[in-house]
Amino acid sequence: MKGNESRISEFILLGFTDIRILQLLFFVILLFFYFSTITGNAVIIILANIDNRLQTPMYFFLWNFSILEIGFTTAVTPQTLSHLLTGHKNVPYVGCIIQSFIYFHLGSTEFFLLAVMSYDRYLAICNPLRYPSIMQKNLCTLLVFCCWVGSFLLIIGPFVIFLQLPMCNSNILDHFFCDNTPLMKLLCGDTRFLELFGFITAAFSLLGTLSISVASYINIIKTILIIPSATGRKKAISTCASHFIVVFITYGSCIFLYISPPQAHKAGFGKIVAIFNTIVSPLLNPFIYSLRNHQVQEALKDLNQRILHLQGAVK
């Protein structure tokens with residue numbers, strides 16, 4: 001294998017297509033999606049920090065999740081937009097490796113935070129009397145910090161092992177960003193240990209956190225079913241519905257992305273799901289919360305009124 005090893009200074013991303021008119025069309029669509037994603041999540045962050053009604057643990061976790069969504073899509077989309085606009089698909093080796101690390105760090109952090117948010121809803125619904133004394137600001141901040149640190153510690157091992165393995169002669173990635181699947185295909189030597197380590201890491205971050213969310217919602221559903229009043233049941237459901245939908249979308253796209261059969265990836269299925277996971281999903285989340293949550297809707301109306309009032313005062 002030694003003769004096939006080489007030092008690669010850059011990668012070439014095949015992207016979506018080589019047809020120029022389609023590249024420009026994709027550029028316009030992705031630019032609109034990216035701008036909408038940044039705007040929607042930024043509104044959630046602003047509302048949760050300026051509106052007193054949203055000064056609760058649920059919205060504290062929500063605006064932190066919005067920060068992650070902005071970072072997650074920004075790790076991929078601006079580079080993709082640049083390649084679509086200019087037609088150049090070259091990515092420096094260091095830049096590609098950094099992008100891959102940031103992408104999986106933020107993605108894993110999202111999984112941990114979704115699990116924390118599920119547990120927060122479990123406490124709010126199943127232990128409402130103890131909830132205020134448990135979910136205090138210091139604990140919420142610590143939980144978010146642990147999500148970031150835990151994600152870093154989880155993926156740093158496979159990342160270091162990956163850097164120790166040499167690359168083969170090919171530097172072509174059949175993707176629109178530096179995902180781990182096409183990068184792994186370029187490695188020389190025995191990659192079985194890395195693949196096993198990566199699988200265990202992915203299983204822990206994806207399935208481990210999903211099990212926490214599932215367990216939390218099973219208990220939430222049990223509690224909701226025994227609430228005597230219809231109004232109480234409706235209120236309990238409304239506080240969990242948005243988060244449940246976000247959990248379903250986020251985990252669903254990732255499971256399809258990393259468990260889909262190899263032949264599907266050859267047909268471009270992996271790229272399609274990756275678009276949904278990195279671009280569409282971060283766009284949907286703030287709108288899901290704003291459309292299904294009465295408090296967010298009221299806070300948004302108040303913000304619009306403040307803006308209109310300021311505009312009138314300036315005129």
Side-chain angles (χ1 to χ4, degrees), residues 1 4-18 23 26-27 30-31 33-34 37 68-110 148 151-191 193-195 197-199 201-202 205 253-254 257-258 260 262 265-266 268-279 281-282:
M1 298 297 292
N4 293 330
E5 298 173 7
S6 63
R7 291 185 176 274
I8 294 177
S9 60
E10 65 178 14
F11 294 100
I12 299 175
L13 300 174
L14 295 184
F16 304 108
T17 179
D18 290 325
Q23 289 178 343
F26 288 155
F27 170 81
L30 293 186
L31 180 62
F33 273 49
Y34 181 62
T37 299
L68 280 172
E69 291 286 61
I70 290 175
F72 186 67
T73 191
T74 300
V76 173
T77 310
Q79 180 192 78
T80 303
L81 289 171
S82 174
H83 290 174
L84 290 171
L85 182 62
T86 63
H88 299 296
K89 302 179 180 180
N90 297 41
V91 181
Y93 174 86
V94 175
C96 192
I97 298 302
I98 291 175
Q99 182 188 61
S100 180
F101 179 81
I102 292 175
Y103 175 80
F104 283 100
H105 181 209
L106 295 178
S108 298
T109 305
E110 282 192 2
W148 282 88
S151 172
F152 177 84
L153 295 177
L154 186 66
I155 69 171
I156 191 64
F159 182 75
V160 170
I161 296 174
F162 174 85
L163 293 178
Q164 305 305 312
L165 295 174
M167 291 280 179
C168 294
N169 287 327
S170 176
N171 66 337
I172 297 176
L173 298 178
D174 188 10
H175 217 301
F176 63 91
F177 73 100
C178 297
D179 197 2
N180 69 329
T181 302
L183 282 172
M184 289 279 289
K185 293 179 180 179
L186 302 186
L187 293 176
C188 287
D190 190 353
T191 62
F193 178 71
L194 176 59
E195 291 173 355
F197 198 178
F199 175 79
T201 301
S205 63
S253 60
C254 288
L257 184 59
Y258 295 106
S260 57
H265 285 280
K266 292 179 181 179
F269 179 79
K271 293 181 185 179
I272 296 173
V273 181
I275 291 174
F276 185 86
N277 186 45
T278 59
I279 299 172
S281 180

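For the single chain, residues carry numbers from 1 onward in sequence order.
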Would a 4.5 Å heavy-atom cut-off, applied to side chains only, mark [X] and [Y] as touching?
{"X": "Tyr103", "Y": "Thr278", "answer": "yes"}
{"X": "Leu106", "Y": "Trp148", "answer": "yes"}
{"X": "Tyr34", "Y": "Thr80", "answer": "no"}
{"X": "Phe33", "Y": "Thr73", "answer": "no"}
{"X": "Leu163", "Y": "Phe101", "answer": "no"}
{"X": "Phe176", "Y": "Leu84", "answer": "no"}

Provide the closest heavy-atom pair for [X] versus [Y] in the form atom of the first, atom of the second, distance.
{"X": "Val91", "Y": "His83", "value": "CG2-CE1, 3.4 Å"}
{"X": "Lys89", "Y": "Asp18", "value": "NZ-OD1, 2.6 Å"}
{"X": "Asn171", "Y": "Glu10", "value": "ND2-O, 3.0 Å"}
{"X": "Ile155", "Y": "Phe104", "value": "CD1-C, 3.9 Å"}
{"X": "Ile279", "Y": "Thr37", "value": "O-OG1, 3.7 Å"}
{"X": "Phe276", "Y": "Pro282", "value": "O-CD, 4.3 Å"}

Rounded at 0.5 Å granularity, tell me how far [atom1] in [X] sits from [atom2] in [Y].
{"X": "Ile97", "Y": "Phe162", "atom1": "CD1", "atom2": "CZ", "value": "4.5 Å"}
{"X": "Leu194", "Y": "Asn180", "atom1": "CG", "atom2": "CG", "value": "9.0 Å"}
{"X": "Ile275", "Y": "Thr77", "atom1": "CD1", "atom2": "OG1", "value": "10.0 Å"}
{"X": "Leu31", "Y": "Phe26", "atom1": "CG", "atom2": "CZ", "value": "15.0 Å"}
{"X": "Thr74", "Y": "Ile102", "atom1": "OG1", "atom2": "CD1", "value": "10.5 Å"}
{"X": "Tyr93", "Y": "Phe11", "atom1": "OH", "atom2": "CZ", "value": "6.0 Å"}

Q.
Closer than 3.5 angstrom, by distance alone: can the side chain of Ser100 be matched with the main-chain N or O of Cys96 as a donor-acceptor pair?
A.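 Here the side-chain-to-backbone pair does not exist.
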Q) According to the side-chain hydrogen bond (donor to acceptor under 3.5 Å, both in side chains) rule, which pairs have a member within residues 151-162, sequence neighbours left out? A)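 Pairs touching residues 151-162 that pass the test: Thr109-Ser151.
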Q: With Asp174 as reference, evaluate Leu13, Leu14, Asp179 under the side chain to side chain contact (heavy atoms under 4.5 Å, CB included) test and give the passing residue.
A: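 Result: among Leu13, Leu14, Asp179, Leu14 is the only option passing the side chain to side chain contact (heavy atoms under 4.5 Å, CB included) with Asp174.
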Q) Aromatic rings Phe177 and His175: how do their planes relate, parallel, tilted or perpendicular, breaks at 30° and 60°? A)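 Perpendicular.
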